[in-house]
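Take a look at the structure set out below.
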Amino acid sequence: MIQMTGVAKQFGGVRPVLERVDLEIQKGEFVTLLGPSGCGKSTLLKLIAGLTAPSAGTIQVDGMTPGSARERVSFIFQDATLLPWRNVVNNVSLGLELEKVGHARRNKRADELLELVGLQHVSKAYPRELSGGMKMRVSIARALATNPRLLLMDEPFAALDELSRDRFNEEVLRLREEQKWTAVFVTHSVAEAVFLSTRIVILAPNPGRIHAMLPVDLPFPRTAALRATPEFDLLAANVSRLLRGAIAA
Amino acid sequence: MKRWAAYIGNAAAVFAVLLILWQAIIWIFHVAPYMLPAPSAVAAALVTRRGLLLNALSITAEEAAGGLAASIAVGIAVALLFAQSRWLRRMLFPYTLLLQTVPIIAVAPLILMWVGAGMPAVALIAFIISLAPIIANTTQGLISVDENLVQLFLMHDASPAQMLLKLRLPNAVPALFVGIRIASGLAVIGAITGELYTGSSRVGEGGLGYSILYASSQLQTAYLFALVAAATVLGFGFVFIVMFLEWHFLHRWHESARALEVD
């Protein structure tokens, strides 16, 4: 699904943000990019989205350039990034509207997604009237409304408290089970990475590069109970150790 | 609604106290009526000369509204242009500051000379004085869009037209209203200033600015006070209408409009 070869990114400065990244992501994977701040994990995500161009190397999404593959890709930002002048239902249907889908069809689709994320009761509310968690639900519904095959998520739950974050993680896996998209997820939380991923990519900073890769072979469906198992703890300890190595490197 | 009633009630109470103080000063110090007329004399002037007064008010209101409407239209157009390029902003923005800093009193006679005395000239002065805040605020609103929102639109391959109509323009509406609110007060001031120079085709009859000049030359101080009161009401009326529209369009989604709900 995604192929990155020798990808580097430099913003004017002397030190590149990313250096020689080779990464291949298969269809159906849930890959988490984990690393300390300054390791270029968000930049890597924006490169896959085609929101910024690499300074060197090539990126292919579904065999196309990231720019032309966008139709199948949705991006979920760190904060909900809603249009404050639109109510919930019109925020959810924004992507469809920009892609010129007819009024009736996009409203129907928006309603379906609001039901999926449990927000039908606030469909006419404006973002300022919603809590942080509800806004993030709207943002997820908006991203899924265009039927993406690839979902890029940039620390979407970083601003939430731990309990809500756990619940959101379970919900993301439930949605993935139903809709079968491939995911690239950026976080700095080890527990989140282990719980969600089929594979974790650990990045090292200065300059950003891949430090280690680790498959997560915990069985699906994963539920809250998984977090209390020894296998989960063992993996988390392993990832933490690798992460410390990445910071020291 | 109750809060509004209380708010207006308080304002009225303060006004009543001021009136009593005013009357008391006249009684105690025996001030001559042509220096400071009694509130009752002003009220009498308001009633007996209401025809002239309303005529003056409507002339000035029309000029100010015309100037304001033009500055909103032109201001938005210029802001749209400015939002297109940083280079254009750097080149031309200093000139909009010039619009704001040029002393309109000094320029007004020139404009009358060029355009000829009359309502169009006065509306033009109102337009000039009210243009800069609309350009400055709207430009700011158009260019200060959350970078993530821009990227969101890019992810959906939004066209430049979609970017403008569905992102930049709605994003600029609160700032536009701030600009219009400032401009509406200025337009009234501009219209009255312009009228100080235009004169009138009929002696004693013209806009508020002309009438103020006429009343002061005739030492009709009570009428002069009535005219000043009318000018104040006009300026307030303009700002109030703009604030109402601002609240109407923005209260559901924007903080600034909610701040208008008096606390």
Side-chain angles (χ1 to χ4, degrees), chain A residues 42-43 45-53 61 66-88 90-101 106 124-130 138-139 142-143 145-148 150-156, chain B residues 76 79-80 83 86 137-138 140-181 242-261 263:
Chain A
S42 290
T43 307
L45 207 62
K46 294 210 160 136
L47 284 166
I48 298 171
L51 289 172
T52 179
V61 179
S68 41
R70 270 185 196 147
E71 211 174 302
R72 306 142 195 250
V73 183
S74 281
F75 200 107
I76 298 179
F77 295 87
Q78 184 163 6
D79 36 47
T81 319
L82 304 178
L83 298 178
W85 54 85
R86 286 183 175 226
N87 64 19
V88 165
N90 289 334
N91 261 294
V92 172
S93 58
L94 175 75
L96 298 166
E97 189 181 324
L98 293 176
E99 285 163 21
K100 307 255 165 69
V101 174
R106 63 176 194 252
K124 294 281 179 271
Y126 283 76
R128 61 181 312 283
E129 302 166 290
L130 304 179
V138 178
S139 180
R142 178 182 62 193
T146 48
N147 265 321
L150 173 63
L151 202 55
L152 306 174
M153 292 171 269
D154 187 5
E155 302 194 46
Chain B
I76 293 175
L80 283 171
R86 186 186 300 264
N137 283 285
T138 312
Q140 199 55 43
L142 286 169
I143 61 177
S144 57
V145 177
D146 178 358
E147 194 49 38
N148 281 345
L149 285 174
V150 174
Q151 297 195 330
L152 174 73
F153 272 62
L154 287 177
M155 283 307 292
H156 292 290
D157 290 318
S159 65
Q162 286 177 324
M163 208 66 134
L164 182 67
L165 292 174
K166 294 181 194 289
L167 183 58
R168 294 199 185 276
L169 273 177
N171 189 69
V173 171
L176 170 65
F177 267 112
V178 172
I180 295 177
R181 212 194 308 157
V242 173
M243 278 169 72
F244 173 76
L245 291 174
E246 188 175 357
W247 178 85
H248 178 75
F249 285 112
L250 300 181
H251 74 283
R252 291 233 50 188
W253 66 272
H254 199 262
E255 294 296 336
S256 78
R258 295 181 64 88
L260 298 179
E261 293 168 6
D263 271 317

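Each chain gets a letter, A, B and so on, in the order its sequence line appears, and its residues count up from 1. When reading the values below, keep in mind they use all heavy atoms of this one structure, side chains included, and skip hydrogens, waters and symmetry mates. Here the structure is a predicted model, which is why all the values come from computation and not from measurement.
Considering all non-hydrogen atoms of both residues, A:Gly95 and A:Thr146 come closest at C-CG2, 3.9 Å. Scanning both residues, A:Pro127 and A:Asn91, for their nearest heavy atoms gives CG-ND2, 3.8 Å. Summarising the geometry of A:Leu151 relative to A:Ala143, their closest heavy-atom pair is CD1-CB, 4.0 Å, with the distance given to 0.1 Å. Here the shortest heavy-atom pairing between B:Gln162 and B:Phe153 reads O-CE2, 4.0 Å.
Using a distance-only test at 3.5 Å, with no hydrogens or angles considered, a donor-acceptor pair links the side chain of A:Arg70 to the main chain of B:Leu154. Distance alone, capped at 3.5 Å, is enough to place a donor-acceptor pair between the A:Arg106 side chain and the A:Val101 backbone. In this structure, A:Arg142 contributes its side chain and A:Ala80 its backbone to a donor-acceptor pair below 3.5 Å.
Contacts between residues 45-53 of chain A and chain B, defined by a heavy-atom separation under 4.5 Å, are made by A:Lys46, A:Ala49, A:Leu51.
A:Gln78 does not touch chain B: none of its heavy atoms, backbone or side chain, sits under 4.5 Å away. If you measure heavy-atom distances from A:Leu96 to chain B, you find no contacts under 4.5 Å at all.
Taking chain A as the reference chain and counting heavy-atom pairs below 4.5 Å, the highest number among B:Val173, B:Asn171, B:Asp146 is found for B:Asn171.
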